[in-house]
Amino acid sequence: MDLVLNVLDRHLLTPFVYPATWPENECFRQFLSLLLVVNAGGVIMYFSLAGFSFFFVFDRTLMKHPLILEDQVRKEIMVTLKSVPFMSFPTVLLFLLEVRGYSRLYLSNFSWPHFVMDIIFSTLCFLVFTDAVIYWIHRGLHHRSVYKYLHKVHHRWKVPTPFASHAFHPIDGFLQSVPYHLYPFIFPLNKYVYLALFVFVNIWTVSIHDGDYRVPEMLRPLINGSAHHTDHHLLYNCNYGQYFTLWDRIGGSFRYPNAFQGNAPIDELKENGNKME
């Protein structure tokens with residue numbers, strides 16, 4: 001995140017926001033800058049990604065589904081906007097530790113083939129690690145002792161739209177993001193790769209709420225996509241995984257998606273429409 005701060009300091013914060021006498025590497029200034037970046041950047045990314053998905057990927061016929069709440073999109077957006085400021089505070093503290101040099105993030109030379117192999121290996125490691133940890137955090141949030149206080153907020157959306165992707169209770173949302181922040185404190189990771197993965201994570205989170213169930217046939221047993229996550233929202237006790245089906249299979253919570261059997265919410269609407277005709 002120091003890469004982002006350096007760009008902002010150079011082109012915006014130092015000349016226009018902060019007095020020139022305030023050092024750019026001063027801890028409190030960095031905290032305020034990160035707070036601005038996480039809140040403003042998070043909201044912009046949310047509306048950009050979810051908005052694009054809603055208008056160009058999501059089948060808006062689903063808005064007629066009986067499980068869609070009245071004025072659901074507005075409610076999803078409001079939950080997100082109310083949660084972001086609270087989620088941002090602990091997130092900023094972790095980013096601040098990274099900026100202050102306490103993580104294992106690094107910069108490397110753009111030399112072929114080392115840099116490419118580094119990207120591939122570290123990306124795979126990041127996805128495998130975070131997928132495993134998120135599975136258990138997510139499953140834990142379904143435990144009856146905490147579910148109604150935290151994760152139930154997200155499960156209001158039985159048939160979610162892309163705007164439900166970040167509509168969490170703030171504690172729930174932060175807990176499920178912890179593995180992404182934890183990884184670079186445990187394992188070395190290129191700074192540019194980390195930024196790219198941070199954006200990818202947000203894209204993926206939107207994509208599993210977009211109702212687009214298309215996955216290459218050969219990847220269906222492996223990838224935990226929108227079809228799997230749709231069943232999770234409807235049935236609660238299955239398909240907790242983030243990217244892959246591995247941990248659901250290990251944990252006994254895997255369910256073959258209804259969407260792959262022609263029984264997705266959109267299929268129900270089409271079937272009912274045909275009957276009415």
Side-chain angles (χ1 to χ4, degrees), residues 4 35-65 67-88 91-92 95 127 130-131 134 137-138 141 150-181 195-215 223-234 239-243 257 259 264-266 269:
V4 176
L35 202 61
L36 172 65
V37 169
V38 172
N39 278 275
V43 169
I44 292 170
M45 190 183 305
Y46 167 68
F47 278 111
S48 300
L49 297 176
F52 178 87
S53 180
F54 183 78
F55 289 107
F56 298 104
V57 180
F58 180 71
D59 189 338
R60 294 196 298 282
T61 307
L62 273 173
M63 299 306 295
K64 299 176 183 178
H65 196 281
L67 292 178
I68 286 280
L69 303 180
E70 182 180 358
D71 205 16
Q72 179 169 310
V73 168
R74 185 189 68 82
K75 291 175 180 175
E76 291 169 339
I77 291 173
M78 291 309 298
V79 168
T80 302
L81 294 181
K82 289 177 181 177
S83 296
V84 165
F86 295 99
M87 286 191 290
S88 70
T91 300
V92 164
F95 279 147
L127 294 178
T130 56
D131 186 63
I134 288 173
I137 291 174
H138 188 184
L141 286 163
L150 299 177
H151 199 53
K152 187 177 181 179
V153 173
H154 187 62
H155 275 277
R156 289 176 64 189
W157 335 113
K158 292 182 175 62
V159 176
T161 81
F163 288 103
S165 57
H166 294 72
F168 290 92
H169 184 287
I171 296 176
D172 178 4
F174 173 71
L175 287 174
Q176 293 200 62
S177 74
V178 164
Y180 306 127
H181 303 296
L195 286 176
L197 286 170
F198 185 76
V199 174
F200 169 78
V201 163
N202 283 275
I203 294 173
W204 186 269
T205 302
V206 171
S207 76
I208 61 175
H209 294 87
D210 66 8
D212 186 340
Y213 312 122
R214 291 172 294 180
V215 176
I223 300 299
N224 187 82
S226 182
H228 301 75
H229 200 69
T230 294
D231 280 4
H232 175 74
H233 272 262
L234 289 169
N239 299 346
Y240 300 103
Q242 182 74 351
Y243 309 114
I266 191 66
L269 275 180

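Note: hydrogens, waters and symmetry copies are ignored here, and every other heavy atom, side chains too, is used. For this chain, numbers begin at 1 and follow the sequence in order.
Two residues are said to be in side-chain contact when any heavy atoms from C-beta on lie closer than 4.5 Å; V79 and R156 meet this criterion. Between V37 and F95, every side-chain heavy-atom pair lies at or beyond the 4.5 Å cut-off. In this structure, the side chains of F58 and V206 stay at 4.5 Å or more apart for every pair of heavy atoms. Using a 4.5 Å cut-off on side-chain heavy atoms (C-beta onward), L62 and P265 make contact. Residues H166 and N202 meet the side-chain proximity criterion, which asks for heavy atoms closer than 4.5 Å. Counting heavy atoms from C-beta on, the side chains of I77 and Y46 come closer than 4.5 Å.
With H154 contributing its side chain and A167 its backbone, the two residues share a donor-acceptor pair below 3.5 Å. Side chain of D212 to backbone of V57: no donor-acceptor contact under 3.5 angstrom is found. Proximity of a side-chain donor or acceptor of D131 to a complementary backbone N or O of Q242 within less than 3.5 Å is detected. Looking only at distances, no side-chain donor or acceptor of Y240 sits under 3.5 Å from a matching main-chain atom of I137. Proximity of a side-chain donor or acceptor of S207 to a complementary backbone N or O of W204 within less than 3.5 Å is detected. Listed for the S226 side chain is a donor-acceptor partner under 3.5 Å among the backbone atoms of G211. No side-chain donor-acceptor contact under 3.5 Å links K82 to the backbone of P170.
In terms of heavy-atom proximity, I68 sits nearest to V159 at CD1-O, 3.2 Å. Nearest heavy atoms, V201 versus T205: O-OG1, 2.8 Å. Annotation for M87 and T91: closest pair O-OG1, 2.8 Å, computed over non-hydrogen atoms. Considering all non-hydrogen atoms of both residues, F163 and T80 come closest at O-OG1, 3.8 Å. Nearest heavy-atom pair across T130 and P179 is CG2-O, 3.7 Å. Between G241 and N224, the shortest heavy-atom distance links the atoms O-ND2, 2.8 Å.
Taking S88 as the reference, N39 meet the side chain to side chain donor-acceptor pair (under 3.5 Å) condition, with sequence neighbours excluded.
In this structure, H151 and H155 have perpendicular ring planes: the angle between them is above 60°, well past the 30° mark. Note on ring orientation: taking the six-membered ring where Trp is involved, the planes of F198 and H181 are tilted (angle from 30° to 60°).
Rounding to the nearest 0.5 angstrom, the gap separating the CG atom in L175 from the NE2 atom in H169 is 10.0 Å. Distance OG1/T230 to CG/N239: 10.0 Å, rounded to 0.5 Å. Between atom OH of residue Y243 and atom CD1 of residue I208 there is a gap of 9.0 Å, rounded to the nearest 0.5 Å.
Residue F200 places its CZ atom among more than 12 non-hydrogen atoms of other residues, nucleotides or ligands, all under 6.0 Å distant. Enclosure of atom NZ in K75 by more than 12 non-hydrogen atoms of other residues, nucleotides or ligands within 6.0 angstrom is indicated.
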Could you check L141 against Q176 for side chain to side chain contact (heavy atoms under 4.5 Å, CB included), going step by step and ending with a plain yes or no? CA-CA 9 Å; L141 286 163; Q176 293 200 62; 3.8 Å; yes
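One side chain, H233 or H229, offers a donor N or O that lies under 3.5 Å from an acceptor on the other. For the residue pair T161/E76, the side-chain donor-acceptor check at 3.5 Å is satisfied.
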